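Encoded as structure tokens, the structure appears first; notes follow it.
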Amino acid sequence: MKLINKESVGRRMPVRILINTIFKGLFFLATLFGLFVLAILLYRIFTQGIGYLNIDFLQNFASRRPEEAGVKAALIGSIWLMATVAPISLLLGVGTAIYMEEYAVKNRFTNFIQVNISNLAGVPSIVFGLLGLTIFVRALALGSSVLAAGLTMSLLVLPVIIVASQEAVRAVPKELREASYGMGATKWQTIIKVVLPAAIPGILTGGILALSRAIGETAPLIVVGIPVFIAFLPRTVFDTFSVLPMQIYNWTSRPQEEFQSVAAAGIIVLLVLLIFMNSIAVLIRNKFQKRY
Amino acid sequence: MAEREADSLLFQPCLGWKGVFVLALGNTEKYSVQQMIMDKKSKKSNRLNVEKIIPGLLLLTAIISVLTTLGIVFTLIFETFTFFDRVSLKEFFTAQKWYPFSETSASYGIMPLISGTLKVTGIAALVAVPIGLATAIYLSEYASEKTRRIIKPILEVLAGIPTIVYGFFALTFVTPILRSFIPSLEIFNALSPGIVVGIMITPMIASLSEDAMSSVPNSIKEGAFALGATKLETAIKVILPAAISGIMASIVLALSRAIGETMIVSVAGGSTPNLSTDVTSSIQTMTAYIVQVSTGDAGYGTTIYYSIYAVGMMLFLFTLAMNLFAQFISRKFREEY
């Protein structure tokens, strides 16, 4: 009995190979689509915004006249926000990660915390804004201040930092810990002097990525009530302020054509800030990544 | 000197601690051994205390994340209750109109907002699922290691672009282009933000699906090749079914992101909630409504103020259900090899 009809297999083979090649091309085109969109997006924004981008743009406050508008308050505000979010979210995130990886016993409560963290990562950012508005702005009466916005943003990026730190701590080999115990170190001494230094590149990379998410985020800050038109700089964390994405949102939603270009210039500043932060993350990853 | 020290060491066991103390005093006047012992002891107890306190402190930081979830849930529940004191549940779910800004005949029917959200999410899915899956198949089955190393970081960049930038792109670039093809398209519409949200979530589907497909064991793939299957046939008939749980989960997660997406739809989607299925006219999504109220001047304590919590609650429930569903599929339908 012949199971394989060589003739028909032979006849169909070229077609099958042709289909394979066609689909390979299609899949490749689909992959290029993403790169194509990224290229168009960057090209559009740079050609549109470059005309408004000069030193005055960085030094001026927001203005009703497009040619006088600047990002000073927003840029400084974004840096204030970062300076608030970084310590809070790193402290909470790394603390949680160490607890989950080093101390927590495997039980239902630990499992619950873990499931909770991954669910928290899926909550829309605007819902965090509602939380911030109710708890920080109203209940704790912080108003639309740097601190209220910073706390809201810290909670928003917390899951990202926790997950990144957990992975970094988990990747530290067991032998290092055992060697430390063997030298008579206690658990905490081992964590602080052996595990954390070994995990720091991973933690910092995750932290910087989380921070760059925090400075690009707009929706929660709108809900928290951060103003867009501001002509002064914050002096303490209790002052109100504005940030780059809020300023860009405000310019984008104005009807005048010129403000679109101002918005594009603002986006360039934001993107440059993001690229700067991400290159630091890549640098840390390449420089300090040790293979055990 | 060295001899004397050796002597004192020899004498130690029989002299007892007091004797050592005296000898030590004889040697150096700076150190009292008793002092050293006390120091050592208190240091040790300090250390033990630290060892006991630290886990507690770390547990507290871990509990913050639980408190955040509780905070979100309780805030939404309390403020939503206040809202439902003023607006009936029946009106909320069955009224055909969302028009809260009227003094005399305000109408709070959530359906038009949900319809706006679903329209945008549907268009986004039409864009992102085919492109994302095709990218994932290309990267995991066809691309060389070198190509993958170039393309993956670029996709990460695409995923890291702030959503307000995408919103700007939708309004100032995608909408004008679409309008030159479809003259009846309004400036604010569902189509343009839908497409751009799709572009935004494509990297997420691509990268999560690629992970799922790459984790299918090589032996299975090689088995298919040995039977004479082409790469395409292997990908479609062997790899996809084996990785289906991960792929489905990635799609559900990405769509949940699309539902919660805010800035693209508020910038390019408009602010006219409606129930129609028309994608060329202005819409409003749940997220865009919350933004509209937050940027307006609805005072604290008004029904409009509480309505954003009711809408936020719906949004939270939608995304939570989808996230739980994604976890369920990836656990339930996982193929173990």
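In this text, all values refer to a predicted model and were calculated from it rather than measured experimentally. Chain letters run A, B, ... following the sequence lines, proteins first and then strands; every chain starts at 1.
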Closest-packed option against chain A by number of heavy-atom pairs under 4.5 Å, given [options]:
options: B:Tyr309, B:Phe316, B:Phe168; answer: B:Phe168
options: B:Gly167, B:Ala62, B:Gly260; answer: B:Ala62
options: B:Ile154, B:Leu57, B:Thr69; answer: B:Thr69
options: B:Ile164, B:Thr75, B:Leu139; answer: B:Ile164
options: B:Gln327, B:Met322, B:Glu79; answer: B:Gln327

Once you measure the plane-to-plane angle for A:Phe259 and A:Trp251, does it fall in the parallel (<30°), tilted (30-60°) or perpendicular (>60°) bin? parallel
Of the backbone (N, CA, C, O) and the side chain (C-beta and beyond), which part of [X] lies under 4.5 Å from a heavy atom of chain A, both, or neither?
X: B:Thr319; answer: side chain
X: B:Ile72; answer: both
X: B:Val50; answer: side chain
X: B:Ser256; answer: side chain
X: B:Leu76; answer: side chain
X: B:Tyr166; answer: side chain
X: B:Phe188; answer: neither
X: B:Ile161; answer: side chain
X: B:Glu233; answer: side chain
X: B:Thr172; answer: both
X: B:Ile54; answer: side chain
X: B:Ile64; answer: side chain
X: B:Leu59; answer: both
X: B:Tyr142; answer: side chain

Might you work through the side-chain contact (heavy atoms from CB on, under 4.5 Å) test for A:Leu155 and A:Phe136, ending with a clear yes or no? CA-CA 12 Å; A:Leu155 294 183; A:Phe136 302 129; 3.9 Å; yes
Segment of [X] engaging chain B (4.5 angstrom heavy-atom cut-off):
X: A:Leu209; value: neither
X: A:Phe28; value: both
X: A:Glu102; value: neither
X: A:Arg16; value: both
X: A:Ala264; value: both
X: A:Leu274; value: side chain
X: A:Leu130; value: both
X: A:Arg213; value: neither
X: A:Ser253; value: neither
X: A:Ile222; value: both
X: A:Ile191; value: neither
X: A:Leu270; value: side chain
X: A:Leu92; value: both

Measure the shortest side-chain to side-chain distance between [X] and [Y] over non-hydrogen atoms and say whether it is less than 4.5 angstrom.
X: B:Val293; Y: B:Tyr305; result: no
X: B:Thr234; Y: B:Glu141; result: no
X: A:Val127; Y: B:Leu315; result: yes
X: A:Asn107; Y: A:Thr110; result: yes
X: B:Pro162; Y: A:Leu271; result: yes
X: A:Pro124; Y: B:Thr262; result: no
X: A:Phe27; Y: B:Leu232; result: yes

For chain B, the option from [options] that forms the most heavy-atom pairs under 4.5 Å:
options: A:Gln48, A:Gln189, A:Met100; answer: A:Gln189
options: A:Val94, A:Ile248, A:Asn119, A:Val37; answer: A:Asn119
options: A:Leu133, A:Ile117, A:Thr21, A:Val115; answer: A:Leu133

Residues forming a ring-ring contact (aromatic ring centres under 6.0 Å, His included) with B:Tyr306, sequence neighbours excluded: none
With A:Lys187 as the cation and A:Tyr103 as the aromatic partner, state whether NZ or CZ is under 6.0 Å from the six-membered ring centre and within 45° of the axis. yes
Go through the steps for B:Met314 and B:Phe318 under the test side-chain contact (heavy atoms from CB on, under 4.5 Å), then give the verdict. CA-CA 6 Å; B:Met314 289 301 293; B:Phe318 261 81; 3.9 Å; yes
Are B:Glu210 and B:Lys152 within salt-bridge range, i.e. N to O under 4.0 Å? yes
